[in-house]
Amino acid sequence: MKTNPWIGLASYDEEKIAEGYAFCGRSTATQELYSHVDNNLLVTMYGKSGIGKSSLLKAGLFPKLRGNGYFPVYIRFGKETDTTSYSKIITSTICNEIEKAGYATESTGHVKPSAQSSETDDSYLWNFFAATRFVDSIGNTLFPVVVIDQIEELFFRDKEQLETLFRQIYLLIDDSSLLPNTMSEEIITNYRFLLSIREDDFFRLEDIIERLRLIEMKHNRYRLTELSDSEAKEIIGIPATDYITRGEEEAIAMRIIEAVKGENRQISSAILSLLCSRIYQSTIGRGEKHITLSAVDAFLKGAEGNFLASFYADIIAKLNNRRKWEYIEENLVTQEGRRDSVLKSQFDANV
């Protein structure tokens, strides 16, 4: 059960929604992104770091896809992919998620197993989808939507693998050279792909597309923009219906929004959620009945006014071990200031 109605820096997903958390402020973006996916085989979504791309995908887009005959498959390549091809991870994840949901895969009979290519061939993904039909528990056809999140992480790993993956995806959207005369195009468009990338690294995607001459991958792009004031008010107000003092909703929302905007005058959904979460902890979490405007002002003017610093200090204090926080700072942030990842087993062994 939820207590604090805001989840801070964590991402929203379908599990959080099921637990009662409200994913707010992105209804327009959800509909726009769904429309792109519904009408195109490949969509590229980009936006600034911390703008809420992963939450939009998992808590906004995925439920809408499920309600319209699609089957979202979330993939974020970890460092364990060093020994497994990206395409094999994609096909294995699709089959595993289909089975986990109680659904099934069937052979279409259009591509014989002996004719399927190896994982390193450009036609591997094309043959997989051409040979496979995905069905739900009552026999209805499902359309997998393969969502590769934070694909920018791959630009700093195996270059050859990444180029192979891009060529494989390209054949899925420009497959005229592989389509036999006996097969209709509808038979092998039983899929969608969505690539999510941080805006700062978008030029890297452009470089590889142009170098490999994958021109069709330049189409169907969606840019997730910063929250508007009205969208931010939803994120503040809807989860806090039972907590904010009546009559002060507008003033409290604007006070929080101004604190989040800072000098660049833009609203980060992650920072907004974190600030709301910290205000809740300092009021309701400490026994207050309501969040008042005076309480918000006191929080922002007091020692916790620098809520990012106080949040970090609280996390570090809980570790209570210098070696642990040094490990985090040295291994989860690169020299360039980029977020990094480590295997969970490695993290657990050290932290």
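Computed from a predicted model, the values in this text were never measured in an experiment.
The shortest heavy-atom contact between Ser282 and Phe299 is OG-CD1, 3.4 Å. Closest non-hydrogen pair, Ser85 versus Glu119, comes out as OG-OE1, 2.9 Å. Minimum heavy-atom separation, Ile256 to Cys276: CG2-SG, 4.3 Å.
The salt bridge (Lys or Arg N to Asp or Glu O under 4.0 Å) search around Asp297 returns Arg255, not counting sequence neighbours. Here Phe311 pairs with nothing under the ring pair (Phe, Tyr, Trp, His ring centres under 6.0 Å) rule; sequence neighbours left out. Scanning for salt bridge (Lys or Arg N to Asp or Glu O under 4.0 Å) contacts around Glu288 gives an empty result, with sequence neighbours left out. Checked against side-chain hydrogen bond (donor to acceptor under 3.5 Å, both in side chains), Asp38 has the following partners two or more places apart in sequence or in another chain: Tyr70. Legend: residues meeting side-chain hydrogen bond (donor to acceptor under 3.5 Å, both in side chains) with Lys16, ordered by chain and number and at least two apart, are absent. Every residue was checked against the ring pair (Phe, Tyr, Trp, His ring centres under 6.0 Å) condition with Tyr34, not counting sequence neighbours, and none meets it. Not a single ring pair (Phe, Tyr, Trp, His ring centres under 6.0 Å) links Phe155 to another residue, sequence neighbours left out. Residues passing the side-chain hydrogen bond (donor to acceptor under 3.5 Å, both in side chains) test with Lys218, sequence neighbours excluded: Glu206, Glu210. Among residues two or more places apart in sequence or in another chain, the salt bridge (Lys or Arg N to Asp or Glu O under 4.0 Å) test is passed with Glu226 by Lys48. When the side-chain hydrogen bond (donor to acceptor under 3.5 Å, both in side chains) test is applied to Thr141, the partners found at least two apart in sequence or on another chain are Arg133. Listed by chain and number, the residues in a salt bridge (Lys or Arg N to Asp or Glu O under 4.0 Å) with Arg213 amount to none (sequence neighbours excluded).
Aromatic pair Phe77/Tyr86: ring centres closer than 6.0 Å.
Asp136 has no carboxylate O lying under 4.0 Å from a charged side-chain N of Arg66, or vice versa, which leaves the two without a salt bridge. Ionic pairing of Glu15 and Lys58 is not present here: no N-O contact between side-chain nitrogen and carboxylate oxygen is shorter than 4.0 angstrom.
Within the 4.5 Å cutoff, the side chain of Asn39 has no heavy atoms near those of the Asn220 side chain.
Hydrophobic clustering (ILVMFWY, side-chain heavy atoms < 4.5 Å, transitive): Leu272 and Leu308 are in one cluster.
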Would you mind writing out the side-chain donor-acceptor pairs for residues 94-102 within the sub-3.5 Å range, not counting sequence neighbours?
unit_1	atom_1	unit_2	atom_2	d
Asn96	ND2	Ser92	O	3.1
Glu97	OE2	Lys100	NZ	3.2

Trace of the side chain to side chain contact (heavy atoms under 4.5 Å, CB included) decision for Asn40 with Ile173: CA-CA 9 Å; Asn40 300 283; Ile173 62 175; over 6 Å; no
Stepwise side chain to side chain contact (heavy atoms under 4.5 Å, CB included) test for Leu165 and Ile90: CA-CA 10 Å; Leu165 175 63; Ile90 289 172; 3.7 Å; yes
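Each of Phe129, Phe71, Phe128 was compared with Tyr191 under the ring-ring contact (aromatic ring centres under 6.0 Å, His included) criterion, and only Phe129 meets it. Only one option out of Asp201, Asp200, Asp207 pairs with Arg204 in a salt bridge (charged side-chain N to carboxylate O under 4.0 Å, His left out); it is Asp201.
Formation of a donor-acceptor pair under 3.5 Å by the Lys53 side chain with backbone atoms of Gly47 is found in this model. Using a distance-only test at 3.5 Å, with no hydrogens or angles considered, no donor-acceptor pair links the side chain of Thr44 to the main chain of Leu195.
Donor-acceptor pairing under 3.5 Å is recorded for the side chains of Lys64 and Gln31. Of the N and O atoms on the side chains of Thr283 and Tyr243, not one donor lies less than 3.5 Å from an acceptor on the other residue.
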